J.: 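Handing you a structure now.
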Protein chains: 2
Amino acid sequence: MSATSPPWAIPLDAASALPVYMQVAQGLEQRIVSGDLRRGSALPAERELAAGLHVSRVTVRQALALLAQQGLLTRKHGSGTFVTPPTPEERPSRTLGLLSSFSDDVRSRGQTPGARVLGFEHTRPSPQEAMSLALSPGEKVYRVRRLRTSDGEPLAVEDSTLPAALVGRLGHADVTDASLYALLATRGLNPVRAIRHLRAVSADLTLAELLGLAPGAALLATERVSWTRGGRPVEYARAHYRGDRYDFVMELHGDGE
Amino acid sequence: MSATSPPWAIPLDAASALPVYMQVAQGLEQRIVSGDLRRGSALPAERELAAGLHVSRVTVRQALALLAQQGLLTRKHGSGTFVTPPTPEERPSRTLGLLSSFSDDVRSRGQTPGARVLGFEHTRPSPQEAMSLALSPGEKVYRVRRLRTSDGEPLAVEDSTLPAALVGRLGHADVTDASLYALLATRGLNPVRAIRHLRAVSADLTLAELLGLAPGAALLATERVSWTRGGRPVEYARAHYRGDRYDFVMELHGDGE
DNA sequence: TAGTGGTCTAGACCACGTC
DNA sequence: ACGTGGTCTAGACCACTAA
């Protein structure tokens, strides 16, 4: 007798309105959250799953891709597919409301901040940059793209734009250190106020590559404009943080009622 | 002569280390951002693209999926694939730092907030809920899942948990209106302080369905605990906002230096 | 070397929109 | 009725990991 039902069988209904790959994903997700599949344990190979469920390997992969993107599964090329272990790495936290630098944040958690300069330009601003920094026509900017790391692990890609006329001469060597805010401080340009936007986006090929993620992974995107005490914009920064390793924390208060 | 190079040809290198579908995605992305493909215009059909590029339709679809997830392309079943028009809908903004409700936020932008109750329970808390609300063992909670809308459009899924003993008797009818904070206020339980976490996650099948998104879309996930003036936790809320329609805004200040 | 996931093919049929 | 994207198949070969 050839029993064709493996122990991890998932009930599939070909006539259902729900596509088969979603049914497979739901079935696996249920076994994961119920603890049926232990954290860190390996799933059957894709070909084995396909054969056992009587579906094609493509369909199985479509299901696994869904769960991998949510972080429930971790796929390792040449090795296997595993149920993601619980909190494999501590998730850093940043307390907002106060104007602090990336470097200080990372240090306050006992980790070592780092930065790798990916690009350094002295050019004309984009329309977006010109508007955010209130630049007069023709005024040039410094633009720096850096990979921010914590204990050597990629955490964010940050693009900073500074008005050249305001900050004075800047060289590639000036931005290799971790903190741009510290650099500004030495020139008497401490930011005292900033407005920051946060939203969620999917990683494109470039960001995914830099951050060591799969394309399409969820990222926390921020956009920030900082002003000096005199009310002059000194920095326009856009950053993309890994959604799986970073979370922002803030404290909110009522209106004093 | 049969020239096999359509006007939208993309240079492909089969020997490249970069997979073909990524090359296709990059090529299309470049034509989109360069304005070569106008916003709102339709792309060639998948079968046509595949034939023109001499690759399989599966490979083309893999490339289109990448760009669609980033929001560059919009796919319409039965109709076609289009370059996403610029800001098809105004992106709402929420100013943080002040303790305000979802309803007030939406109203302050001139839109109409709404809520559809998806679930209402009176049960024992999860370990996570019990810890966040500082509940004594055995104490029960009300749990409400609501779909929050703006002008009728799904914007977020919010799961709120309230200590039953503190808020008093609650019925399904009490939570059908938009504002839970307003309800608490009528019982003398105005929150005056809250801590909120923000991070980015990928939509699972359930959230994608509720918010009208493709599975895997980027969501802004928030977690919030609110306290009354007396320091008692009154609400533990988890919300998932559409990444493409919502962005958080906050103002930051220096430490008074 | 053997097994795994990653990529790719050339089809097929279904579900949806539009005409 | 027709064209579109959505799903699914049964293979194939490559790239990586581990024994």
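Numbers restart at 1 for each chain; the letters A, B, ... are given by sequence-line order, proteins then strands. Nothing here was measured: the structure is a model prediction, and the numbers come from that model.
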J.: Could you list the residues that satisfy side chain to side chain contact (heavy atoms under 4.5 Å, CB included) with A/Glu235, not counting sequence neighbours?
T.: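 Testing A/Glu235 for side chain to side chain contact (heavy atoms under 4.5 Å, CB included), a comparison that skips the adjacent residues, returns A/Ser160, A/Leu162, A/Leu180, A/Tyr181, A/Arg224, A/Ser226, A/Ala237.
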J.: Residues two or more places apart in sequence or in another chain: which of them pass ring-ring contact (aromatic ring centres under 6.0 Å, His included) with B/His77?
T.: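 For B/His77 there are no ring-ring contact (aromatic ring centres under 6.0 Å, His included) partners, ignoring immediate neighbours.
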J.: Send over the distance from B/Leu205 CG to D/dT7 P, rounded to a whole Å.
T.: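 Spelled out: CG on B/Leu205 to P on D/dT7 is 11 Å.
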J.: Could you check how far CG of B/Leu43 sits from C1' of D/dG3, rounded to whole Å?
T.: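 Roughly 16 Å, once rounded to whole Å.
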J.: Expressed in angstrom and rounded to an integer, what is the separation of A/Phe82 atom CZ from C/dT4 atom P?
T.: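 Taking CZ of A/Phe82 and P of C/dT4, I get 11 Å after rounding.
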J.: With no angle test and no hydrogens, is the base of D/dG6 tied to the side chain of B/Arg75 by a donor-acceptor pair under 3.5 Å?
T.: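 Such a pair does not exist between side chain and base.
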J.: Under 3.5 Å, which N/O atoms of the protein pair with N/O atoms of nucleotides 15-19 of chain D?
T.:
| residue | atom | partner | partner atom | Å |
| --- | --- | --- | --- | --- |
| D/dA15 | N3 | A/His77 | NE2 | 3.0 |
| D/dT17 | O4' | A/Gly78 | O | 3.3 |

J.: Can you give me every donor-acceptor pair (side chain of residues 10-26 of chain B, partner residue at least two apart or in another chain, under 3.5 Å) with its distance?
T.:
| residue | atom | partner | partner atom | Å |
| --- | --- | --- | --- | --- |
| B/Asp13 | OD1 | B/Ala15 | N | 2.9 |
| B/Ser16 | OG | B/Leu18 | N | 2.9 |
| B/Gln23 | OE1 | B/Asp13 | N | 2.8 |
| B/Gln23 | NE2 | B/Asp13 | O | 3.0 |
| B/Gln23 | NE2 | B/Leu18 | O | 2.8 |

J.: Who are the salt bridge (Lys or Arg N to Asp or Glu O under 4.0 Å) partners of B/Asp204, not counting sequence neighbours?
T.: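 Residues passing salt bridge (Lys or Arg N to Asp or Glu O under 4.0 Å) with B/Asp204: none at all.
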J.: Using the side chain to side chain contact (heavy atoms under 4.5 Å, CB included) criterion, which residues pair with B/Thr161? Sequence neighbours excluded.
T.: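 If we apply the side chain to side chain contact (heavy atoms under 4.5 Å, CB included) test to B/Thr161, skipping adjacent residues, the hits are B/Glu129, B/Leu133, B/Val141, B/Arg143, B/Tyr236.
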J.: Without decimals, in angstroms, what is the distance between B/Glu46 CD and C/dA15 P?
T.: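 So the CD-P distance, B/Glu46 to C/dA15, works out to 17 Å.
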J.: Could you run down the sub-3.5 Å N/O contacts of the protein with nucleotides 8-11 of chain C?
T.:
| residue | atom | partner | partner atom | Å |
| --- | --- | --- | --- | --- |
| C/dC8 | OP1 | B/Val20 | N | 2.5 |
| C/dC8 | OP2 | B/Tyr21 | N | 3.4 |
| C/dT9 | OP2 | B/Ser56 | N | 2.7 |
| C/dT9 | OP2 | B/Ser56 | OG | 2.8 |
| C/dT9 | OP2 | B/Thr59 | OG1 | 2.6 |

J.: Grab the CZ-P distance between A/Arg47 and D/dC14 for me, whole Å please.
T.: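 So the CZ-P distance, A/Arg47 to D/dC14, works out to 14 Å.
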J.: Rounded to whole Å, please give me the gap between CD in B/Glu48 and C1' in D/dG5.
T.: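 For the pair B/Glu48 CD and D/dG5 C1', the rounded distance is 14 Å.
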J.: Measure CG/A/Leu73 against P/C/dG6 and give the value in whole Å, please.
T.: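 Answer to the nearest Å: 11 Å.
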J.: Which residues pass the salt bridge (Lys or Arg N to Asp or Glu O under 4.0 Å) test with A/Glu209, sequence neighbours left out?
T.: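 Expected list: none.
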J.: Nearest-Å distance, CG (B/Leu49) to C1' (D/dG3)?
T.: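 Roughly 15 Å, once rounded to whole Å.
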J.: Would the B/Phe248 and A/Phe248 ring centres measure less than 6.0 Å apart?
T.: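 No, the ring of B/Phe248 stays outside the 6.0 Å limit from the ring of A/Phe248, centre to centre.
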J.: Students often mix this up, so state it plainly: with edges at 30° and 60°, are the rings of B/Phe120 and B/His172 parallel, tilted or perpendicular?
T.: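 Correct class here is perpendicular.
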J.: Please list all pairs meeting salt bridge (charged side-chain N to carboxylate O under 4.0 Å, His left out) that have one or both residues in residues 21-32 of chain A, counting only residues at least two apart or in different chains.
T.: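 For residues 21-32 of chain A, and leaving out neighbouring residues, the salt bridge (charged side-chain N to carboxylate O under 4.0 Å, His left out) pairs sorted by first residue read A/Arg31-A/Asp36.
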